[in-house]
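To start, the structure under review is shown below, and the notes come after it.
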Amino acid sequence: MNMNTKPKVGVLLIGAKRFRELGQGTADGTYEERKLSEAKVYIDRFSEFADIVYDGIVYEREDVTRTINKFFIERVDCVFAMYLSWAEDFTWIRFLREMPSVPIFFASIVRDKLDIVDTNDENQFIDFLSAGALVGVQEASGSFQRFNREMCETFIGTLDDVCAKFKTFAKAAHVRAQLRSTNLGLLACYNEAMWATYVDPYNIFKKIGPEIHFLSIQELTGEIENTPQGLVDELTDSIAQIYRMMPNVDYEKFKASVRASYAMEQIAKQTDIDLLVLNDIDTVLFKYVGLRPGFTPTSKDSQMVTVPEGDIGGGLATYILQLLAGSNANFIEPFYIDHANGGFVAGHAGPNDYREAPENVVIARDERFAKTAWKYAGAPFAWYVFPTGMKTMLHMSEKDGVMKMVCTVVECLPTKHYLASYSHANFRHPTLSPEELFNKILPNGVTQHYGIVAGDVTAELEYVAKLCGFEFVCIK
């Protein structure tokens with residue numbers, strides 16, 4: 001996974017063949033010269049947020065065939081398509097017929113102003129023909145609907161409006177493309193205590209894209225044994241220097257937790273895993289490893305997402321948020337409503353990306369398991385309070401073979417470390433009471449797991465859902 005790459009966008013600009021040479025000798029040049037200037041403006045603007053694949057304005061059958069081939073070879077995430085004026089529709093219809101399945105954003109850009117006052121003037125007459133994008137988009141819309149392709153969007157607006165809308169669409173299309181090349185690792189099984197989190201791996205691969213690999217505890221214990229003690233000491237000391245540590249932390253158990261975290265990352269790397277779903281309450285894990293790995297990611301550079309409790313839906317929610325926002329996402333479970341303060345408390349035990357705010361991390365004993373008989377009972381973990389600010393909160397699970405998204409925006413409030421063994425924070429919805437919020441969530445049928453990430457990416461999530469065929473609910 002690379003969460004900082006740009007979408008790859010194919011740009012299809014359709015011009016009028018019969019207007020192409022009109023306007024020679026006029027002050028603003030021929031129709032084609034004017035359209036080339038327009039196209040450069042559009043390409044420059046789109047290049048601010050996307051990698052562009054463009055092969056010139058399409059006028060002829062050969063142009064559209066060449067463009068389709070280029071888009072296919074370059075494996076574009078989506079296509080931006082637009083009539084530059086009225087134009088013959090044989091190129092557009094051929095494109096819709098022959099272009100392989102890909103998200104298409106079909107737009108028309110409205111000029112900020114027009115200076116057409118007398119078309120008896122040839123220069124203004126050519127400008128009149130050139131400005132007729134509304135004619136073109138209406139003509140093209142009929143074929144767009146008749147082909148009824150999936151993953152399509154239509155929008156009319158100024159260049160600023162179109163760029164804002166298309167940037168959101170392109171980002172979602174990029175996530176769709178990344179999901180189709182994602183490797184998901186399940187270590188080692190679903191959570192027996194939470195059947196509602198189960199999903200169909202075949203459906204996940206067929207409809208979303210991730211390939212699921214089942215990793216074993218045997219692989220993990222083998223990698224733990226093969227991890228050099230010197231490396232473990234170095235990693236442990238490095239982590240201890242960065243974060244605060246509780247005085248009751250057992251340093252040998254600290255090393256054991258770091259060793260297991262590092263080993264878990266290594267077996268994931270061997271299968272090129274982007275999203276690791278760990279069943280961290282599996283008794284087999286405790287029996288053979290003796291603890292719940294508490295320090296993944298051990299590297300500041302790792303972009304692999306790790307989530308607990310064997311919940312693939314929750315993992316996908318966290319992973320998709322991280323792709324969209326380009327920043328570290330976290331995995332939470334709303335614990336209880338704080339009625340008096342108008343909010344709710346949420347967090348989760350087990351692995352949680354703790355790198356965004358080092359000042360919010362305490363190396364603490366895992367009190368939940370401190371009095372058990374496991375070999376490394378109470379082994380420490382990165383106890384994290386989530387950073388303050390507005391967050392997108394997303395749930396994902398499967399119903400009748402269809403993935404669904406339920407999302408909202410919440411504020412993460414300033415919070416002290418007070419829930420032992422759980423990375424956590426206090427939350428509040430901007431407009432709804434916690435009772436109102438969860439009264440809107442529950443009828444959609446969810447589990448208790450969500451991903452959160454900084455910022456509002458609900459518009460992008462809506463497009464991801466549309467492009468991937470998910471059910472989508474946004475609670476405002």
Side-chain angles (χ1 to χ4, degrees), residues 1 182-191 210-236 238-240 243 252-312 314-316 318-319 322 328-331 348-355 361 363-364 366 368-369 374-384 421 423:
M1 174 184 66
T182 291
N183 284 323
L184 188 159
L186 181 61
L187 178 61
C189 57
Y190 292 124
N191 187 339
E211 181 177 338
I212 300 180
H213 300 269
F214 294 88
L215 308 179
S216 70
I217 298 298
Q218 184 177 5
E219 290 176 89
L220 177 58
T221 55
E223 191 65 34
I224 289 172
E225 292 170 1
N226 292 330
T227 303
Q229 186 59 47
L231 176 59
V232 174
D233 294 343
E234 181 182 337
L235 284 171
T236 307
S238 174
I239 292 171
Y243 307 109
E252 290 306 310
K253 292 182 178 180
F254 183 10
K255 289 181 181 180
S257 186
V258 171
R259 182 194 290 271
S261 301
Y262 176 81
M264 187 169 68
E265 292 167 357
Q266 294 311 299
I267 65 169
K269 284 181 180 178
Q270 290 161 17
T271 320
D272 199 25
I273 297 297
D274 303 291
L275 166 61
L276 179 62
V277 179
L278 169 68
N279 184 359
D280 63 325
I281 63 171
D282 181 16
T283 55
V284 176
L285 176 73
F286 286 103
K287 180 178 179 180
Y288 291 98
V289 177
L291 52 76
R292 174 168 54 189
F295 291 94
T296 186
T298 59
S299 166
K300 66 179 181 179
D301 301 318
S302 173
Q303 292 189 346
M304 182 178 75
V305 172
T306 305
V307 300
E309 292 199 350
D311 185 356
I312 290 176
L316 285 170
T318 308
Y319 180 73
Q322 184 154 311
N328 299 331
N330 291 108
F331 185 94
H348 214 281
N352 233 317
D353 198 316
Y354 54 94
R355 296 170 296 173
V361 178
I363 299 169
D366 192 342
R368 181 174 172 183
F369 293 101
W374 307 121
K375 183 176 181 180
Y376 299 108
F381 72 110
W383 188 21
Y384 189 44
S421 298
S423 293

Fill in: D353 bridged to R355 by N-O distance under 4.0 Å
yes
Worksheet item: Which distance, rounded to the nearest 0.5 Å, do you find between the CZ of R292 and the CG of N279?
Response: 11.0 Å
Worksheet item: Would you say the side-chain atoms of S302 and E265 include a donor-acceptor pair closer than 3.5 Å?
Response: no
Item to complete: Could you pull out all residues at least two apart from F369 that satisfy ring-ring contact (aromatic ring centres under 6.0 Å, His included)?
Response: F286
Item to complete: Can you run down the ring pair (Phe, Tyr, Trp, His ring centres under 6.0 Å) pairs that involve residues 287-306, sequence neighbours left out, and say none if there aren't any?
Response: F254-F295
Discussion item. Quick one about N352 and N330 (side-chain donor to acceptor, distance below 3.5 Å, no hydrogens or angles considered), yes or no?
Written reply: yes
Worksheet, complete the sentence: Rounded to the nearest 0.5 Å, the SG atom of C189 sits from the CD1 atom of I217 at a distance of 7.5 Å
Discussion item. Looking at every non-hydrogen atom in both residues, tell me the closest pair between P308 and A349 and how far apart they are.
Written reply: CG-O, 3.8 Å
Worksheet item: If you measure from CD on E219 to CD1 on I224, what distance do you get to the nearest 0.5 Å?
Response: 12.0 Å
Worksheet item: Among all residues two or more places apart in sequence or in another chain, which pass the side-chain contact (heavy atoms from CB on, under 4.5 Å) test with A329?
Response: T318, L321, Q322, V453
Worksheet item: Are side-chain N/O atoms of Y376 and S257 paired as donor and acceptor at under 3.5 Å?
Response: no
Discussion item. Atom CD of residue position Q270 - does it have more than 12 heavy atoms of other residues, nucleotides or ligands inside 6.0 Å?
Written reply: yes
